[in-house]
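A short write-up of the structure that comes next.
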There are 2 protein chains.
Amino acid sequence: MGIQERKEREKEARREEILDAAYKVFVAKGLAGATVDDIAAAAELSKGTIYLYFRSKEDLYLAVTNRGLDIMLGIFEATAAQGGDPIRQIWNLSDAYNSFYEEHREYFRMLAFFENPEMHDTVSEEMLAECQTHDAKVWGFVSGVMKNAIDAGYLHAGLNPLEVGMMLWSNSTGLLRQLDRNEEYWHARMGIDLRKTLRMSNSFLLEAMMTDKAMQLYHDQLIHHWPTRSQEKKS
Amino acid sequence: MGIQERKEREKEARREEILDAAYKVFVAKGLAGATVDDIAAAAELSKGTIYLYFRSKEDLYLAVTNRGLDIMLGIFEATAAQGGDPIRQIWNLSDAYNSFYEEHREYFRMLAFFENPEMHDTVSEEMLAECQTHDAKVWGFVSGVMKNAIDAGYLHAGLNPLEVGMMLWSNSTGLLRQLDRNEEYWHARMGIDLRKTLRMSNSFLLEAMMTDKAMQLYHDQLIHHWPTRSQEKKS
DNA sequence: TAAGATAATGACTGACAGTCACTAAATTAG
DNA sequence: CTAATTTAGTGACTGTCAGTCATTATCTTA
């Protein structure tokens, strides 16, 4: 009696189709600019059907961003699978976040958009809860990577894994948003390569938290070998 | 013949009244939730009058955020007027940004909200240009502070003032947004004091860019005197 | 094949952004 | 002081769109 199961699958498939269509429309027109009729047309469904699957336009938008979180976590996990010592893992995680930004810019933007507290009132409890589940998975992963580095004695013992994750994450996010907002302006007009800036600031943060054990391991790759200080170090 | 002038003043005053009313309504209901009729009622005007002063609800919202930028710049300038050496000035600037967050949380949120690229298409060219003017003033101020520190030999010479400003700014912004989004969660549930985290990460960044000259000046106040490393330093 | 359950539809409603013909008030000219 | 003219303000009206729901279509089961 696989009819129930087939129906479940079909329902799920339809839900995914709607999400595909919604993603395209939201990317093209933004949350405010997109109409549910647009999305229905893109999914080759009627408007009413959309509301059988999602409670509101905002819920649908949030469901799309949850996909973004899944993609992000997938990239993180694939990166971690490459192995490497705990510090390397942190670097790789940072790179993975950059990759997400580069290759899934639209999701990055949607996630940034929905982070705004103003948006949270506009979605259903259920969808918000699902979002938090996805969020928690990502944060669980990130803090796991940090914890490894602390436990292995590569980052200072007093640090809280989540705190370390938060620092690096927020720093990257802040700069990537600036980059997204106006890369052209900063690069061409101001002569600043924000990608370089980002690598630099991540290094500063990470190196400040690294133990001597880790510093020795990465001695040659340390970023802040300032001209005057590198001489000191050799002594 | 001061009639022209008086009319100008009255017009400006009315504009400010509308902005006062709009601020209250936007704070209470958000951009999407607020209606122009709400704002008109709060300003004791008719809807049509609002449109004599602003082109759209979004333009009005952006005009309110521009006030936020003015307030921010005012706080920055007041802080700078207290004096201090170049590094102290940077610390004070960072504190001033925190003060802005604490005391003008609503403006902080509105600014964060409008930073989203999706919003930029919804406002008039004129208003966006005005916003950029305000933005440029703030950035001019910030990079000026950084430039002083570099020129005085307190930050490494190869650094670009804007780049330094960008690093500290983005880092603070990223963490303050997390704080705003869910301080309760991080503090009570995860046991992390993000304000402390913010001070720490700002220290890490700043100290990584400081010259020996500056490091000596601030030796006793350096944050990252990790247990194991502080002994080294004494040698 | 009929009855019943499930999925999909699109016409309809209410709310709201933005407009514009009109009214009110202030200014200027005679 | 009054009429003419300019400027400021109004609110009824329009088009659009989110969300609903009575109806229709399709699929399942007896």
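Remember, predicted model here, so these are calculated numbers, not experimental data.
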Task: Non-neighbouring partners of B/Arg55 that pass salt bridge (charged side-chain N to carboxylate O under 4.0 Å, His left out), sequence neighbours left out - done: B/Glu126
Task: All side chain to side chain contact (heavy atoms under 4.5 Å, CB included) counterparts of A/Gln132, not counting sequence neighbours - done: A/Leu128
Open item on the list: Whole angstroms only, please: what is the CD-P distance between B/Glu58 and C/dC16?
Closed with: 15 Å
TODO: For DNA chain D, determine which residues of residues 114-127 of chain A have any heavy atom closer than 4.0 angstrom to one of its atoms, and list them numerically.
DONE: none
Open item on the list: Test of understanding: with side chain to side chain contact (heavy atoms under 4.5 Å, CB included), list the residues that count as partners of A/Lys24, not counting sequence neighbours.
Closed with: none
Open item on the list: Listing request: all side-chain hydrogen bond (donor to acceptor under 3.5 Å, both in side chains) pairs with a residue in residues 60-82 of chain B, at least two apart in sequence or in separate chains.
Closed with: B/Glu16-B/Arg67, B/Asp20-B/Arg67, B/Asp70-B/His134
TODO: Would you list the pairs meeting side-chain hydrogen bond (donor to acceptor under 3.5 Å, both in side chains) in which at least one residue belongs to residues 29-41 of chain A, sequence neighbours left out?
DONE: A/Lys29-A/Asp38, A/Thr35-A/Asp38
Task: Which residues share a side chain to side chain donor-acceptor pair (under 3.5 Å) with A/Trp169, sequence neighbours left out - done: A/Thr173
Would you list the atom pairs, donor with acceptor, under 3.5 Å between side chains in residues 45-52 of chain A and any protein atom, with sequence neighbours excluded?
residue: A/Ser46; atom: OG; partner: A/Thr49; partner atom: OG1; Å: 3.2

TODO: May I have all residue pairs that pass side-chain hydrogen bond (donor to acceptor under 3.5 Å, both in side chains) and include part of residues 111-120 of chain A, sequence neighbours excluded?
DONE: A/Glu115-A/Arg177
TODO: Could you identify which residues of residues 16-36 of chain B place a heavy atom less than 4.0 Å from some atom of DNA chain C, listed by residue number, or say none?
DONE: B/Ala34, B/Thr35, B/Val36
Could you write out each protein N or O paired with an N or O of nucleotides 5-11 of chain C at a distance under 3.5 Å?
residue: C/dA8; atom: OP1; partner: A/Arg14; partner atom: NH1; Å: 2.5
residue: C/dA8; atom: OP2; partner: A/Tyr53; partner atom: OH; Å: 2.9
residue: C/dT9; atom: OP2; partner: A/Ser46; partner atom: N; Å: 3.0
residue: C/dT9; atom: OP2; partner: A/Ser46; partner atom: OG; Å: 3.3
residue: C/dT9; atom: OP2; partner: A/Thr49; partner atom: OG1; Å: 2.6
residue: C/dT9; atom: O5'; partner: A/Ser46; partner atom: OG; Å: 3.3

Open item on the list: Could you work out, with side chain to side chain contact (heavy atoms under 4.5 Å, CB included) as the rule, every residue matching A/Asp121, not counting sequence neighbours?
Closed with: none
Open item on the list: Please determine whether a side-chain nitrogen or oxygen atom of A/Arg55 lies at a distance below 4.0 Å from atom OP1 or OP2 of D/dA18.
Closed with: no
